[in-house]
Undergrad: 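If you scroll down you'll find the structure; I have some questions about it.
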Amino acid sequence: MTADGGPAAATIAARLTPTQLKVMQGVHSGLLNKQIAYDLGIAEKTVKAHMTALMRKLNVSNRTQVAIVAQSLGEERRLAG
């Protein structure tokens with residue numbers, strides 16, 4: 001469990017597809033959907049679909065909260081590794 005009572009990084013990461021993890025990383029980096037789509041070689045509409053799935057799986061309601069979860073994942077992975 002994390003300090004805020006949420007699931008551990010490994011549990012969160014296990015629920016996400018590799019592409020969802022890449023999209024989340026792009027959001028954390030401050031990229032727009034259009035930029036994420038270009039970087040991943042997918043349509044912007046596909047990025048939007050991944051964002052919807054991410055928000056549902058992470059139980060958050062906006063892009064900023066996705067970025068915060070991504071930050072938490074990065075911190076937990078650094079501490080564990």
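Keep in mind it's a predicted model, so treat the numbers as computed, not measured.
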Undergrad: Please determine whether residues L40 and V27 belong to a single hydrophobic cluster, defined as Ile, Leu, Val, Met, Phe, Trp and Tyr linked transitively by side-chain heavy-atom distances below 4.5 Å.
TA: yes
Undergrad: Within the distance-only criterion (no hydrogens, no angle test), does the side chain of K57 pair as donor or acceptor with the backbone N or O of R15 below 3.5 angstrom?
TA: yes
Undergrad: Is it true that a side-chain atom of Q20 and a backbone atom of T17 form a donor plus acceptor pair closer than 3.5 Å?
TA: yes
Undergrad: Quick one, T46 and H50 - any side-chain contact, counting heavy atoms below 4.5 Å?
TA: yes
Undergrad: Applying the 4.5 Å side-chain criterion to the ILVMFWY set and letting contacts propagate, would I68 and V60 be lumped into a single cluster?
TA: no
Undergrad: Assess the residue pair Q71 and V66 against the criterion (side chain to side chain contact (heavy atoms under 4.5 Å, CB included)); give the C-alpha distance rounded to whole Å, side-chain angles, the decisive distance to 0.1 Å, and a yes or no.
TA: CA-CA 9 Å; Q71 177 69 32; V66 171; over 6 Å; no
Undergrad: Step through the shown structure and confirm whether more than 12 heavy atoms of other residues, nucleotides or ligands are within 6.0 Å of CG on N59.
TA: no
Undergrad: Check whether more than 12 heavy atoms from other residues, nucleotides or ligands sit under 6.0 Å from atom CD of Q65, and answer yes or no.
TA: yes
Undergrad: Which distance, rounded to the nearest 0.5 Å, do you find between the CG of L31 and the CD1 of I36?
TA: 5.5 Å
Undergrad: Search all heavy atoms of Q35 against all heavy atoms of G30 and return the closest pair with its distance.
TA: OE1-O, 4.5 Å
Undergrad: Between V69 and H28, is there a side-chain heavy-atom distance shorter than 4.5 Å?
TA: no
Undergrad: Working to the nearest 0.5 Å, report the span between NZ of K48 and CG of L54.
TA: 15.0 Å
Undergrad: Calculate, to the nearest 0.5 Å, the distance between atoms NZ and CD belonging to K22 and Q25 respectively.
TA: 9.0 Å
